[in-house]
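Everything on this sheet refers to the single structure shown next.
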Protein chains: 2
Amino acid sequence: MPGTLHLDGFLPYRLSIASNRVSNVIATAYQSLFGLRIAEWRLIAVLAESDGMSQQALGIATRMDKVMVSRAATALHDRGLVQRAPNPADQRSHLLSLSKAGQDLYEQVSPKALALERQLFSGFSAEEVRQLRSMLERLEEATAAFEPQQG
Amino acid sequence: MPGTLHLDGFLPYRLSIASNRVSNVIATAYQSLFGLRIAEWRLIAVLAESDGMSQQALGIATRMDKVMVSRAATALHDRGLVQRAPNPADQRSHLLSLSKAGQDLYEQVSPKALALERQLFSGFSAEEVRQLRSMLERLEEATAAFEPQQG
DNA sequence: CCGATATAGTAACAAATGTAACCAGTTTTC
DNA sequence: GAAAACTGGTTACATTTGTTACTATATCGG
């Protein structure tokens with residue numbers, strides 16, 4: 001029977017299911033433990049490594065569009081977790097960085113995130129993890145061919 | 001620096017990015033070619049294999065909750081793609097099946113879906129695909145340990 | 001049987017996400 | 001060096017998704 005499809009065997013479906021479940025686990029943990037949403041956590045993680053970034057740079061680093069970044073950034077700013085300094089090079093943008101409170105929170109969240117990751121992937125060998133990483137990366141690249149234009 | 005996390009190396013993040021990109025590719029294709037959303041397509045795919053299912057059975061088969069199933073089912077019914085017959089065993093539920101139009105649509109969508117899958121995973125060896133399947137399956141199982149209760 | 005509890009499905013509401021319009025401020029072009 | 005085109009960021013609106021509540025039927029316990 002040519003052209004027939006079995007849903008359970010359809011990889012985009014399996015990928016979506018697995019990814020959404022993992023995201024739910026992570027989102028629930030962050031929310032209940034730290035009151036953070038995933039988008040906010042992503043900004044914190046990036047800012048913890050490189051201080052003083054514009055929102056558009058954050059957007060690139062986290063693969064989120066500027067609206068998502070804006071929403072997450074104001075939420076974090078309102079909670080006093082990130083600071084906004086004027087950007088000397090461009091008056092439309094500000095440079096974001098973690099406040100002391102933000103750094104402290106990061107130090108709490110970060111090990112918890114890694115522990116969750118370890119637990120979720122505890123059944124995976126180091127080699128499998130390496131392979132999975134590689135596959136996800138290639139998959140992401142493969143989708144670029146479908147972008148509307150100018151990826 | 002113990003407990004430190006690099007976002008790009010964080011697997012749940014990479015998984016989420018890759019999965020969302022793939023879903024977008026699929027969703028855009030289904031929408032523009034057939035006016036279908038992913039949830040609707042999933043019902044069609046399941047019904048094509050096994051006629052006469054209740055919505056709750058569909059929910060289990062597609063891993064969608066009953067509200068999502070209800071919405072997708074009414075959309076498909078309104079378009080005349082699925083039929084609803086009374087369920088002799090339970091008057092609260094109906095048995096859904098594809099109409100002729102639904103079957104015809106399935107025959108159109110199905111090869112297209114498989115072609116997309118082939119294209120997205122064209123860089124993967126057969127062995128890699130096997131491994132990915134296995135990993136996604138195990139991952140899904142691993143998240144069950146975090147379910148609120150009674151998974 | 002008959003009241004209590006559970007289940008199939010829908011409807012109504014809340015929260016999140018995507019999209020488009022907008023307001024500075026910045027660069028380009030002539 | 002000023003009008004046109006563009007960019008960073010926010011706001012406002014539309015669409016999608018999740019959650020809760022509800023209606024009708026079924027099942028369970030006595």
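So you know, we letter chains A, B, ... as the sequences are listed, proteins then strands, and number each from 1.
- Here the P atom of nucleotide D/dG9 and the CG atom of A/Leu95 are 9 Å apart, to the nearest Å.
- Rounded to a whole Å, the CG atom of B/Leu58 is 13 Å from the P atom of C/dA8.
- Residues A/Leu132 and B/Arg14 have side chains not in contact (no heavy-atom distance under 4.5 Å, counting atoms from C-beta outward).
- Per the geometry, CE belonging to B/Met64 stands 16 Å off C1' belonging to C/dA8, to the nearest Å.
- For the pair B/Leu96 CG and C/dA8 P, the computed distance is 14 Å after rounding to whole Å.
- Taking only side-chain nitrogens and oxygens, A/His94 comes nearer than 4.0 Å to OP1 or OP2 of D/dT10.
- Just one of A/Arg138, A/Glu137, A/Arg130 meets the side chain to side chain donor-acceptor pair (under 3.5 Å) condition when paired with A/Ser134; it is A/Arg138.
- Put simply, CD on B/Gln55 is 8 Å from C1' on C/dA8, counting in whole angstrom units.
- With a 4.5 Å cut-off on side-chain heavy atoms, B/Thr4 and A/Leu114 do not count as touching.
- Between A/Ser70 and D/dG9, a side-chain N or O to OP1/OP2 separation shorter than 4.0 Å is absent.
- Considering only residues two or more places apart in sequence or on other chains, B/Phe10 meets the ring-ring contact (aromatic ring centres under 6.0 Å, His included) condition with none of them.
- Atom CD of B/Gln56 is separated from atom P of D/dA26 by 14 Å (rounded to the nearest Å).
- Note: NZ (B/Lys66) to C1' (D/dT20) measures 10 Å, nearest angstrom.
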Extract from the structure each pairing of a protein N or O with an N or O of nucleotides 24-26 of chain C at less than 3.5 Å, listing the distance.
from	atom 1	to	atom 2	distance (Å)
C/dG25	N2	A/Arg92	NH1	3.0
C/dT26	OP1	A/Gln91	N	2.8

Nucleotide N/O to protein N/O under 3.5 Å, stretch nucleotides 12-18 of chain D:
from	atom 1	to	atom 2	distance (Å)
D/dG18	N7	B/Arg71	NH2	2.8
D/dG18	O6	B/Arg71	NH1	3.2

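- Here B/Arg133 does not pair with A/Asp8 in a salt bridge; the nearest charged N to carboxylate O distance is not below 4.0 Å.
- Contact check for B/His94 versus B/Gln55: side-chain heavy atoms found under the 4.5 Å cut-off.
- The backbone N or O of A/Ala72 lies less than 3.5 Å from no partner atom in the side chain of A/Arg42, so there is not a single donor-acceptor pair.
- Taking CG of B/Leu11 as the start and CZ of A/Phe121 as the end, the distance is 4.5 Å to the nearest 0.5 Å.
- Between the CE atom of B/Met53 and the P atom of C/dA8 there is a distance of 13 Å, rounded to whole Å.
- The nearest pair of heavy atoms linking A/Pro111 to A/Tyr106 is CD-O, 4.2 Å.
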